[in-house]
Amino acid sequence: MLSIKERLREHLRFLNPASRDDNQGVLELLHTEYRRRLAQYENLDRALRAKYGLTFAQFERRNVVRQQNFSWEVESDAMAWEQACDGIKTLKRRLKELDALAQEA
């Protein structure tokens, strides 16, 4: 029977058969997942910029939520947009950290 470690290696090789070693494979999978999440947040940011014709900072400064009488749709958009903006910053930082790790490897 395979150890958990070896079974995890099999999964890693299945998802990333071209990786040179386990560390490289994990780095590549993490990079791919961070990029996928970043793309989701960036798509939401673009969609809400188009919907409101503003950046999130402008949206907040103009107090659009209050202007729209705290409607469910606008409040929901504001919360999702704020999370997306925070996520974009966080994921870009994490990708830089991951790139630095890749340079060390």
*For R36, salt bridge (Lys or Arg N to Asp or Glu O under 4.0 Å) partners two or more places apart*: E33
*Contacts of type salt bridge (Lys or Arg N to Asp or Glu O under 4.0 Å), residue R13, not counting sequence neighbours*: E6
*With sequence neighbours left out, write down each residue that passes side chain to side chain donor-acceptor pair (under 3.5 Å) with E73, or none if nothing qualifies.*
K51
*H31: what forms a side-chain contact (heavy atoms from CB on, under 4.5 Å) with it, not counting sequence neighbours?*
R35, L95, L98, D99
*Could you list the residues that satisfy side-chain contact (heavy atoms from CB on, under 4.5 Å) with V65, not counting sequence neighbours?*
F59, F70, V74, E75, A78
*Got a sec, which residues hit side chain to side chain donor-acceptor pair (under 3.5 Å) with Y41, two or more places apart in sequence or on another chain?*
none
*Could I get the full list of side-chain contact (heavy atoms from CB on, under 4.5 Å) partners for T32, not counting sequence neighbours?*
none
*Keeping to residues at least two apart or across chains, list the side chain to side chain donor-acceptor pair (under 3.5 Å) pairs with something in residues 80-94.*
Y34-R94, D45-W81, R93-E97
_With rounding to the nearest 0.5 angstrom, report the CZ to CG distance, R9 to D21._
10.5 Å
_Any pair counted as side chain to side chain donor-acceptor pair (under 3.5 Å), so long as it reaches residues 55-66, sequence neighbours left out_ = T55-Q58
_Taking every non-hydrogen atom, the tightest pair across A84 and L44_ = CB-CD2, 3.9 Å
_Can you list everything that forms a side-chain contact (heavy atoms from CB on, under 4.5 Å) with N69? Sequence neighbours excluded, please._
none
